[in-house]
Protein chains: 2
Amino acid sequence: MQRKVAETGRDLDAHPSSGEPAFVRPAVCEQGCRFFMDEASARKSDMDKVGVTMKFVRNETIYSKGDEARHSYKVIEGAVRLSRIFADGRRQIVNFYLPDETFGIELAEEYTSTAEAVGDVVALRCPRACIAQLTEGNPDISQKRLAMLSKSLSAAERHVAMLGHQSAKERVASFFLALEMQRHTDVEGMLDLPLSRQDIADYLGLTIETTCRALSDLKRQKIIDAPSRRRIVIRDLAGLQAIAEGDV
Amino acid sequence: MQRKVAETGRDLDAHPSSGEPAFVRPAVCEQGCRFFMDEASARKSDMDKVGVTMKFVRNETIYSKGDEARHSYKVIEGAVRLSRIFADGRRQIVNFYLPDETFGIELAEEYTSTAEAVGDVVALRCPRACIAQLTEGNPDISQKRLAMLSKSLSAAERHVAMLGHQSAKERVASFFLALEMQRHTDVEGMLDLPLSRQDIADYLGLTIETTCRALSDLKRQKIIDAPSRRRIVIRDLAGLQAIAEGDV
DNA sequence: GCGCTTCATTGACAAGTCTCAATGCGCGCG
DNA sequence: CGCGCGCATTGAGACTTGTCAATGAAGCGC
């Protein structure tokens with residue numbers, strides 16, 4: 001077995017001793033991208049055999065805004081945040097990506113946001129050239145790519161809607177509701193979130209203090225519990241929905 | 001000549017007397033979609049010959065959130081707004097589309113936002129089934145579709161960033177800057193915007209009053225002029241940029 | 001376990017935005 | 001031509017959120 005999972009986000013699909021990137025070698029390309037695109041096999045795949053599995057440690061940068069956009073990624077484990085930093089030092093998180101979701105798939109010369117690992121992350125990486133190659137004459141893959149982009153777009157539109165008219169409390173409530181929708185734990189109402197308060201605040205377009213206060217409010221109303229930093233329990237789903245919709 | 005441009009947004013590419021929609025007829029499909037996808041020919045095309053040209057009057061609904069998503073559109077003349085309405089009656093405008101831009105191209109069963117004509121609008125309409133048909137075996141078109149979606153996504157991300165951390169004045173400044181970037185008039189700094197103050201406010205996630213005050217502020221600083229309701233003149237581009245970036 | 005560091009929470013006050021209300025302005029219609 | 005209507009602008013006060021500062025809680029290395 002020649003290839004192993006990377007320890008910390010270094011190139012795995014670039015051939016170690018040649019200037020030519022590995023994705024032009026058919027074997028890697030085919031295997032890597034098939035796994036990348038095929039949701040069913042991605043989960044149960046033998047990681048050792050896939051040349052594009054990468055690991056990133058907590059807070060590691062996966063790519064930076066402005067970098068040449070050479071790869072797309074699919075989350076296997078952990079969570080990834082896409083963000084932009086502003087001149088005043090504040091950060092806006094544009095989107096989160098959870099297991100099975102794909103990011104960096106848009107069509108632009110350069111990445112328009114920075115991608116970072118929220119906690120430790122395992123992701124599949126696929127060169128765009130490889131995807132483009134597979135796309136030709138394969139309407140299925142082309143379709144999947146469209147579907148992924150569409151999903152990101154509609155998430156972004158929801159996000160815009162939230163930032164545009166919801167109060168702090170409503171935003172926090174909406175955020176937990178959205179997480180509950182795509183919960184990965186098996187207990188209803190139990191959310192395991194790898195995000196810090198700062199991450200949440202930056203996603204919601206609030207300061208960390210305002211986010212905290214909204215959280216405390218919800219706790220006081222017995223709508224949620226926060227037994228530990230990274231765990232939220234929804235005790236009153238209907239109440240949470242009411243708050244998210246603005247029914248005080 | 002059997003077909004004419006529609007007066008007010010009714011079906012044009014559905015065969016009048018048959019249950020079968022017209023887009024399965026190759027001629028219409030091919031012609032309509034070629035014009036739809038090909039930017040160069042769209043502008044100079046004989047409208048009379050294209051079966052998918054539609055007109056919408058000011059404030060007319062092009063499609064509603066929740067409708068079955070059967071068509072994509074390309075703006076020829078005028079401006080289109082994509083918006084969502086909330087329980088409290090407030091409206092968030094998610095995006096604007098100007099001539100040559102395409103909307104409704106995402107991949108979802110139902111439209112996720114409502115599309116309306118800002119002023120009078122001329123648009124090309126293409127059934128998605130037709131696009132899908134053309135996409136197969138035509139990587140060029142597939143690529144263009146990806147590019148359009150990508151553009152919408154990056155616009156949405158910019159929008160999120162704006163709503164998440166900019167002040168009222170910064171938002172207004174950024175908005176005019178963005179318009180200047182894609183100006184359609186030939187005079188530098190002269191913006192012809194078909195939007196009402198309410199449209200602008202709903203896009204920026206502000207109330208109409210706050211938007212007005214920001215505008216008046218910019219006028220007082222001699223950064224812009226507003227000689228008439230629907231016209232803005234940028235008198236100090238650098239100053240506008242500085243404000244948009246937060247340098248007071 | 002202890003101290004250190006980082007993150008989370010709470011409080012008091014300042015600043016920005018929204019709400020409500022009044023006024024101004026432009027435009028079409030009777 | 002003036003009237004009414006819709007849209008835009010301005011003002012005053014209430015409310016929400018941000019800022020600054022202090023305290024509390026949790027994780028980690030020694």
Side-chain angles (χ1 to χ4, degrees), chain A residues 57-59 81 86 88-93 118-120 162-176 191 193-221 224-232 243 246 248, chain B residues 57-59 81 86 88-92 118-119 162-176 191 193-221 224-232 243 246 248:
Chain A
V57 299
R58 186 169 137 74
N59 290 327
R81 59 174 179 250
F86 300 98
D88 61 5
R90 285 183 67 176
R91 179 182 68 161
Q92 177 66 45
I93 293 181
V118 172
D120 290 350
M162 177 177 88
L163 297 182
H165 93 293
Q166 288 193 300
S167 72
K169 204 165 159 190
E170 288 166 3
R171 293 185 204 187
V172 172
S174 299
F175 181 66
F176 289 142
L191 303 176
L193 71 168
L195 315 170
S196 71
R197 297 286 187 266
Q198 187 65 61
D199 286 328
I200 299 175
D202 287 348
Y203 179 78
L204 300 179
L206 301 170
T207 59
I208 188 172
E209 294 95 333
T210 304
T211 307
C212 255
R213 278 187 255 270
L215 252 164
S216 300
D217 249 35
L218 292 174
K219 276 191 274 187
R220 229 168 285 133
Q221 289 181 263
I224 62 167
D225 257 344
S228 93
R229 283 186 173 185
R230 304 287 156 114
R231 173 152 302 186
I232 296 288
I243 288 173
V248 182
Chain B
V57 299
R58 187 170 136 72
N59 290 326
R81 60 176 178 249
F86 300 99
D88 62 4
R90 284 183 69 176
R91 178 183 69 161
Q92 176 65 45
V118 173
M162 176 177 90
L163 296 182
H165 94 291
Q166 288 193 300
S167 72
K169 204 166 158 189
E170 289 166 2
R171 293 185 203 187
V172 173
S174 300
F175 180 67
F176 289 142
L191 303 176
L193 72 169
L195 315 169
S196 71
R197 296 288 187 263
Q198 187 65 61
D199 286 328
I200 299 174
D202 287 348
Y203 179 78
L204 300 179
L206 301 169
T207 57
I208 187 172
E209 294 95 332
T210 303
T211 307
C212 254
R213 277 187 256 269
L215 253 164
S216 301
D217 250 33
L218 292 174
K219 275 190 277 186
R220 230 167 285 131
Q221 288 181 262
I224 63 167
D225 255 344
S228 91
R229 284 187 173 184
R230 303 286 155 113
R231 170 152 304 186
I232 297 287
I243 288 174
V248 181

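Sequence lines set the chain letters: A, B, ... in the order given, protein chains first and strands last, and positions in each chain run from 1.
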### Task
Can you measure from OG (A/Ser174) to CG (A/Leu204) and round to the nearest 0.5 angstrom?
8.5 Å
### Mutual orientation of the aromatic rings belonging to B/Phe86 and A/His165 [parallel < 30°, tilted 30-60°, perpendicular > 60°]
parallel
Euclidean distance, atom [atom1] of residue [X] to atom [atom2] of [N] [Å, nearest integer]:
X	N	atom1	atom2	value
B/Arg171	C/dG16	CZ	P	13 Å
A/Asn59	C/dC7	CG	C1'	13 Å
A/Asp88	C/dG16	CG	P	14 Å
B/Gln198	D/dT9	CD	C1'	14 Å

Go through [options] for me and flag the one nearest to the [X] side chain.
X	options	value
B/Thr207	C/dT19, D/dT10, C/dA8	C/dT19
A/Ser216	D/dA8, C/dT9, D/dT17	C/dT9
A/Glu209	D/dC20, D/dA8, C/dT9	D/dC20
B/Cys212	D/dA8, C/dC7, C/dT9	D/dA8

#### Entry: Minimal non-hydrogen separation, B/Lys219 against B/Asp225, with atom names
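Residues B/Lys219 and B/Asp225, closest heavy atoms: CG-CA, 4.5 Å.
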## Note on the structure
The residue, A/Leu206 or B/Leu195, whose nearest nucleotide of DNA chain D is more 5′ is B/Leu195
### Task
Could you say whether B/Ile208 or B/Arg213 is positioned toward the 5' end of DNA chain D, judged by the nucleotide with the nearest heavy atom to each?
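Its nearest nucleotide lies further toward 5', so the answer is B/Ile208.
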### Task
Assess whether one donor atom and one acceptor atom, taken from the side chain of A/Arg229 and the base of D/dG27, lie less than 3.5 Å apart.
no
### Query
Within the side chain of B/Arg81, is there an N or O that forms a donor-acceptor pair under 3.5 Å with the backbone of B/Val118?
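Pair absent, no side-chain N/O of B/Arg81 close to backbone of B/Val118.
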### Task
Quick one: label B/Ser228 by what it contacts on the DNA or RNA (base, sugar-phosphate, nothing), any heavy atom closer than 4.0 Å.
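The answer is nothing, as B/Ser228 stays clear of every strand by at least 4.0 Å.
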### Query
So what does A/Lys219 touch, heavy atoms closer than 4.0 Å: a base, only the sugar-phosphate, or nothing?
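Sugar-phosphate, backbone atoms only, no base.
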#### Entry: Donor + acceptor pair across side chains of B/Gln198, B/Asp202 (<3.5 Å)
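Note: B/Gln198 and B/Asp202 side chains meet the donor-acceptor criterion.
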### Query
Is B/Thr210 near enough to C/dC18 that one of its side-chain N or O atoms lies under 4.0 angstrom from OP1 or OP2?
yes
